[in-house]
Amino acid sequence: MEKFATVEGLVAPLDRPNVDTDAIIPKQFLNSIKRSGFGPNLFDEWRYLEQGEPGMENAKRSLNPDFILNEPRYQGASILLGRDNFGCGSSREHAVWALLDYGFRVVIAPSFADIFFNNCFKNGVLPVVLPAQTVEQLFQEVAATPGYRLSVDLPAQQICTPSQDVISFEVDEFRKDCLIRGLDDIGLTLQHAAEIREFEERRRRDAPWIFDKQD
């Protein structure tokens, strides 16, 4: 998992509450357990005018001109601004994979669905919970300022706006440490690789019959 320290990037505003995981990555694209390749189908039903199916050439599909991510001013955004209950619906981890593969490292919203919130931390995306009033102010500033960028400093737990206003946010210390160090669940386990090998070797010596091949 990529380490996370500070992200300074363009902000894209998705002004919809209750964005569910089927909207983030529709079910027909859940045909792989690889963490890459989902970005082109992020928000597929909103981004394109035609129904999307696996294997389609997205470059040949018609973009929906009314969808926010298709506007030229938001191309290359790495910070997504959302509304209440972002990531609700099913528990599919692919939703976070699609956001990350598209280029988003931070999602800011007043609230998140619990499973989606947890999946973000496990995959290198920082979900930031801010008061609804603060999020509303950010929406207004983004709309009024083309090229609006934020700097998100995880170690300091602060967001800096273009006007140099500083917004503090809370984050669990353990999750913060894992993001900064780039440790997912597998990475955390591998920190104890030496102890695991020692245990396996000792177990093999003490109880060799467990490891005997069975016909």
Side-chain angles (χ1 to χ4, degrees), residues 1-26 29-30 32-44 46-47 68-69 74-130 134-135 138 142 149-160 167-188:
M1 188 172 77
E2 185 178 352
K3 295 180 180 181
F4 192 114
T6 300
V7 169
E8 192 276 329
L10 184 68
V11 180
L14 186 60
D15 197 1
R16 307 182 187 211
N18 304 310
V19 172
D20 65 49
T21 52
D22 192 50
I24 296 173
I25 184 70
F29 300 109
L30 309 185
S32 172
I33 58 172
K34 296 180 179 179
R35 299 188 183 191
S36 60
F38 296 99
N41 299 111
L42 175 71
F43 301 122
D44 194 88
W46 296 342
R47 283 171 70 189
I68 199 74
L69 292 188
Y74 299 120
Q75 298 307 299
S78 58
I79 300 173
L80 185 64
L81 188 61
R83 295 291 190 181
D84 283 307
N85 200 28
F86 192 93
C88 58
S90 72
S91 61
R92 66 190 66 169
E93 201 166 1
H94 299 71
V96 180
W97 297 351
L99 287 164
L100 187 62
D101 194 59
Y102 182 87
F104 289 116
R105 295 300 310 279
V106 180
V107 182
I108 300 172
S111 61
F112 294 88
D114 288 343
I115 295 177
F116 176 85
F117 186 77
N118 293 332
N119 284 341
C120 282
F121 285 103
K122 293 180 179 181
N123 290 280
V125 174
L126 174 63
V128 177
V129 177
L130 294 179
T134 303
V135 172
L138 290 174
V142 171
R149 304 175 74 86
L150 290 173
S151 178
V152 181
D153 186 332
L154 177 57
Q157 296 179 211
Q158 292 181 336
I159 298 172
C160 186
I167 304 168
S168 297
F169 61 90
E170 297 297 323
V171 61
D172 176 81
E173 283 296 325
F174 174 73
R175 288 170 165 168
K176 173 182 175 180
D177 180 65
C178 288
L179 271 180
I180 291 173
R181 298 168 64 194
L183 295 175
D184 57 13
D185 288 347
I186 295 175
L188 284 168

Original post:
When you look at CG of D114, are more than 12 heavy atoms from neighbouring residues, nucleotides or ligands closer to it than 6.0 Å?
Top reply: no
Would you check if the side chain of [X] reaches a backbone N or O of [Y] as a donor-acceptor pair within less than 3.5 Å?
X    : Y    : value
D84  : P17  : no
Q157 : S168 : no
H94  : S32  : yes
R47  : P40  : yes
D172 : R175 : yes
T21  : S90  : yes
N85  : N18  : no

**OP:** Any chance you could lay out the side-chain contact (heavy atoms from CB on, under 4.5 Å) test for I108 and L150, step after step, and finish with the verdict?
**Re:** CA-CA 11 Å; I108 300 172; L150 290 173; 3.9 Å; yes
Minimal non-hydrogen separation, [X] against [Y], with atom names:
X    : Y    : value
A113 : G87  : CB-O, 3.2 Å
F4   : G124 : CD1-O, 4.1 Å
P155 : A5   : CD-O, 3.2 Å
V125 : V106 : CG1-N, 4.4 Å
N119 : S91  : ND2-O, 3.4 Å
I25  : F38  : CD1-O, 4.0 Å

Subject >> Test log, rule side-chain contact (heavy atoms from CB on, under 4.5 Å), inputs I24 and L99 >> reply: CA-CA 8 Å; I24 296 173; L99 287 164; 4.2 Å; yes
Heavy-atom side-chain proximity of [X] to [Y] below 4.5 angstrom:
X    : Y    : result
L179 : L126 : yes
L69  : W46  : no
D22  : R92  : yes
I159 : L130 : yes
I167 : L138 : yes
I68  : P13  : yes
F117 : S111 : no
L154 : K176 : yes

Original post:
When L42 is tested against each of Y102, F29, W97 for side chain to side chain contact (heavy atoms under 4.5 Å, CB included), which residue passes?
Top reply: Y102
Subject >> Reported CG-to-CZ distance for the pair D20 and F116, which is rounded to 0.5 angstrom >> reply: 11.0 Å
Original post:
What distance separates E93 CD from C120 SG, expressed to the nearest 0.5 Å?
Top reply: 10.0 Å
**OP:** Apply the test side-chain contact (heavy atoms from CB on, under 4.5 Å) to residues F169 and V129: give CA-CA distance (whole Å), side-chain angles for both, the deciding distance (0.1 Å), then the verdict.
**Re:** CA-CA 7 Å; F169 61 90; V129 177; over 6 Å; no
**OP:** List the steps and the verdict of side-chain contact (heavy atoms from CB on, under 4.5 Å) for Y74 and V142.
**Re:** CA-CA 10 Å; Y74 299 120; V142 171; 3.9 Å; yes
**OP:** Decide salt bridge (charged side-chain N to carboxylate O under 4.0 Å, His left out) for E2 and R105; before the verdict, give the C-alpha distance in whole Å, the side-chain angles of both, and the deciding distance to 0.1 Å.
**Re:** CA-CA 10 Å; E2 185 178 352; R105 295 300 310 279; 3.5 Å; yes
